[in-house]
A.B. asks: 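One structure, as structure tokens, below. Some questions next.
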Amino acid sequence: MSVVSRRKVMGTFGVGAIAAAGVGAAYAYRETPAEPPSAAPPTVRKATATGANPVVNENTHEGTADWEVPADARLSTKDHLGQIHGYASTTSVAPGEPISFHVSVRNPQPFRISLYRLGHYDGEGGRLMATGPELTGSRHPVPAPHSESGAIVCDWRPSWTHLVPSTWISGVYVAVFEAEDGHRSCTPFVVREQNRASDLLVVLPFTTYQAYNQWPMDGRTGKNLYRGYPRPGAVADSNHRAFQVSFDRPYSDHGMPRWAELDVAFTRWVEAEGHDVTYATSTDLHEGRIDPERYTAMIFPGHDEYWSKPMRDVLEKAVDVGTHLAFLAANNVYFHIRLTGAAGGAPARTVACYKTAPDPSPDANGPTERWRDLQDKHGKKTGRAEQGVLGVQYNGILAKPAPLVVRRPDHWFWEGTGLKDGEEIPGLVAVEADGYDSRMPSPKDATRTLLSESPYRVKPVKGSPPKRRIQNTGLTEHEGGTLVFAAGTFYWPLALQDKDHHDPRVERATRNLLERMLLSRGQVGAESVGV
């Protein structure tokens with residue numbers, strides 16, 4: 001099937017010079033020399049509205065697996081020891097802008113910072129983009145949690161500031177910190193090109209990354225939006241959780257956020273497929289940098305649970321203007337949050353979510369609780385349950401992985417997979433699941449198709465037997481043909497690329513989805529049968 005996007009061409013964008021930025025502690029750096037494009041074309045080349053695809057050219061460069069910092073590696077950093085760890089000054093940066101890295105080294109010694117772009121790169125998964133100079137490492141203190149909010153905010157001086165060259169294209173990047181003794185950790189960031197139109201915009205869930213981040217998990221200090229330590233040496237519990245979490249701190253242990261493997265798997269897969277793609281973060285949605293009209297589809301590949309009102313506004317605008325949406329995990333758009341700036345003035349550096357606790361400072365958008373619980377000033381629920389946008393919504397944590405049970409195998413989504421009605425894809429439904437709830441709001445003027453109906457057991461609460469629930473993979477088609485897809489399980493993106501979960505039938509179904517989206521924008525013929 002030919003893949004041709006019909007969106008308006010918005011042009012390309014790139015600014016800046018290759019130089020060290022004069023922000024904080026800045027140093028010279030060495031950028032990996034550019035290589036000429038390979039003479040051999042990639043296996044798959046997608047047509048684009050711009051007539052050019054910089055992602056395909058980028059992936060012809062030599063790759064490396066050195067970007068990986070496995071959690072269980074002998075020389076990976078552990079929070080209780082803190083051999084080397086650091087954080088970035090921003091979750092996303094544009095070409096021509098600076099990004100700083102703040103690094104602490106437990107035993108003073110030299111260290112380096114290397115920057116990698118993630119993608120296909122002939123299966124290696126990453127490309128070395130720049131290596132900083134040898135830096136002198138020193139130990140920085142771990143701040144005490146704020147007495148009321150529980151926020152842990154580091155104020156470490158910048159170790160190295162890098163000005164992103166205009167030659168770098170949008171992508172998922174990782175900064176790897178390596179001490180002279182071999183210990184390593186990392187932190188992710190995104191290079192955005194919000195002024196370049198692309199067929200697909202991939203959005204990484206940095207607000208959810210931070211919600212789960214319990215740095216430092218040292219048995220006494222660390223807090224996230226789920227748990228904290230009541231006393232040194234005790235098991236962390238929900239009664240001592242934080243109500244606010246800051247981006248101004250490292251991610252736990254080796255530095256890759258919890259469930260970031262979902263986003264990495266999709267990134268490697270979508271670039272191997274040769275799609276024209278740019279990247280952004282959830283904070284970019286919040287800050288108003290993203291215009292959904294520039295894209296044929298917006299893809300949310302990972303667990304994307306924590307959403308501010310401005311973030312959700314972008315989502316709803318996308319549907320209104322005919323931009324397709326695909327959520328490839330589960331439990332998305334669940335908690336309403338506030339994003340506030342840092343004391344130094346940097347915007348969107350703190351995530352606030354009080355959940356069931358009283359919110360001391362709700363703004364005009366309401367308290368920070370579940371979207372489905374939000375009420376107006378008269379105490380009436382506002383109908384903002386996530387199912388009203390996604391077509392399905394979170395309904396449970398699995399006791400153990402369960403098979404995805406296929407429904408509607410005659411639908412174009414399952415075309416070419418060979419699957420039959422009731423056939424099972426083993427182990428695909430895992431961690432958390434979505435399902436259709438007839439009691440909750442549904443998308444207006446739209447038709448919903450449930451593409452799976454998978455029984456599973458909910459993780460039991462202590463003292464009670466596990467409950468039975470139903471997982472649904474959902475596809476909503478709006479008037480005019482705009483599509484909203486929700487996979488309803490964490491393992492969907494892993495089935496695309498991860499060697500332990502790969503399933504070619506899931507790959508084929510995902511190709512069918514993206515190709516259908518890219519055929520047109522908001523003008524796909526109605527072929528779904530509703531619930």
Side-chain angles (χ1 to χ4, degrees), residues 69-72 76-87 104 106 140-154 156 185-188 205-262 302-306 330-331 334-335 337-338 349-360 368-370 394 396-400 430-432 458-464 466 490:
V69 184
D72 57 353
S76 290
T77 291
K78 304 295 186 291
D79 281 358
H80 68 284
L81 297 175
Q83 296 97 332
I84 181 169
H85 48 203
Y87 61 94
S104 175
R106 175 171 177 159
H140 295 296
V142 175
H146 188 275
S147 59
E148 295 180 2
S149 71
I152 297 172
V153 184
C154 296
W156 301 346
S185 68
C186 65
T187 199
F206 272 72
T207 52
T208 301
Y209 288 168
Q210 200 53 248
Y212 279 91
N213 181 18
Q214 203 184 335
W215 183 88
M217 284 201 296
D218 56 2
R220 59 183 182 274
T221 309
K223 293 177 181 285
N224 61 13
L225 294 183
Y226 293 88
R227 58 189 64 86
Y229 299 105
R231 60 187 180 279
V235 176
D237 63 41
S238 60
N239 294 325
H240 295 84
R241 70 180 184 87
F243 301 114
Q244 298 181 22
V245 288
S246 173
F247 284 105
D248 289 321
R249 57 178 182 150
Y251 290 102
S252 285
D253 290 335
H254 61 307
M256 284 301 280
R258 188 177 183 188
W259 296 116
E261 61 266 35
L262 307 181
H303 176 40
D304 208 338
E305 185 175 356
Y306 290 81
N331 192 9
Y334 188 65
F335 278 114
I337 63 170
R338 282 193 306 277
R349 294 298 285 174
T350 300
V351 178
C353 191
Y354 285 77
K355 300 184 178 180
T356 57
D359 188 337
T368 52
E369 58 185 2
R370 298 191 307 176
Y394 167 72
I397 300 174
L398 281 83
K400 62 180 181 179
V431 187
E432 295 180 338
V458 177
K459 187 175 181 179
V461 178
K462 188 175 181 180
S464 64
F490 272 40

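The model shown is predicted, which means the values in this text are computed figures rather than measured ones. Computed over heavy atoms, backbone and side chain alike; hydrogens, waters and symmetry mates excluded.
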A.B. asks: With the side chain counted from C-beta on, respond yes when C154 and P250 share a heavy-atom pair under 4.5 Å apart, and no when they do not.
C.D. replies: yes
A.B. asks: Give a yes or no answer on whether the side chain of S185 reaches the backbone of I84 with a donor-acceptor pair at less than 3.5 Å.
C.D. replies: yes
A.B. asks: Which pair of non-hydrogen atoms, one from P230 and one from A234, has the smallest distance, and what is that distance?
C.D. replies: CG-CB, 3.6 Å
A.B. asks: Of all the heavy-atom pairs spanning S76 and A71, show the shortest one and how long it is.
C.D. replies: CB-O, 4.0 Å
A.B. asks: What are the two closest non-hydrogen atoms of S246 and V153, and how far apart are they?
C.D. replies: CB-CG2, 3.7 Å
A.B. asks: For a 4.5 angstrom cut-off between non-hydrogen side-chain atoms, does I152 reach T221?
C.D. replies: yes
A.B. asks: State, to 0.1 Å, how close A399 and P460 come at their nearest heavy-atom pair, and which atoms those are.
C.D. replies: CB-CD, 4.2 Å
A.B. asks: How long is the gap from CG on L225 to CD on Q210, to the nearest 0.5 Å?
C.D. replies: 8.5 Å
A.B. asks: Rounded at 0.5 Å granularity, tell me how far CD1 in I337 sits from NZ in K355.
C.D. replies: 11.0 Å
A.B. asks: Going by ring pair (Phe, Tyr, Trp, His ring centres under 6.0 Å), H303 matches just one of W259, Y394, F206, F490. Which one?
C.D. replies: F490
A.B. asks: Can you list everything that forms a side chain to side chain contact (heavy atoms under 4.5 Å, CB included) with D253? Sequence neighbours excluded, please.
C.D. replies: K78, D79, M217
A.B. asks: What heavy-atom pair brings M256 and C186 nearest, and what distance separates the two atoms?
C.D. replies: CG-SG, 3.6 Å
A.B. asks: Between T207 (side chain only) and Y306 (backbone N and O only), is there a donor and an acceptor less than 3.5 Å apart?
C.D. replies: yes
A.B. asks: Can you run down the salt bridge (Lys or Arg N to Asp or Glu O under 4.0 Å) pairs that involve residues 223-249, sequence neighbours left out, and say none if there aren't any?
C.D. replies: D248-R349
A.B. asks: Taking E432's backbone N and O only, do any of them form a donor-acceptor pair with N331's side chain (distance below 3.5 Å, no angle check)?
C.D. replies: no
A.B. asks: Could you tell me the separation between the CD atom of Q214 and the CG atom of N224, rounded to the nearest 0.5 Å?
C.D. replies: 4.5 Å
A.B. asks: To the nearest 0.5 Å, what is the distance between SG (C353) and CD (E369)?
C.D. replies: 9.0 Å
A.B. asks: Does any N or O in the side chain of S149 come within less than 3.5 Å of the main-chain N or O of Q244, such that one atom is a donor and the other an acceptor?
C.D. replies: no
A.B. asks: Could you report the tightest heavy-atom contact between E305 and T208, atom names first, then the distance?
C.D. replies: N-OG1, 2.8 Å
A.B. asks: Are Y251 and T187 close enough that some pair of their side-chain heavy atoms sits under 4.5 Å apart?
C.D. replies: yes
A.B. asks: Flag the pair N213 / S252 as yes when at least one side-chain heavy-atom distance between them is below 4.5 Å, and no otherwise.
C.D. replies: yes
A.B. asks: With a 6.0 Å cut-off on ring centres, are Y87 and W156 close enough?
C.D. replies: yes
A.B. asks: With ring centroids as reference points, do Y226 and Y212 lie under 6.0 angstrom apart?
C.D. replies: yes
A.B. asks: List the residues meeting salt bridge (charged side-chain N to carboxylate O under 4.0 Å, His left out) with R258, not counting sequence neighbours, and say none if there are none.
C.D. replies: none
A.B. asks: Check whether the ring centres of Y229 and H240 lie less than 6.0 Å apart, and answer yes or no.
C.D. replies: no
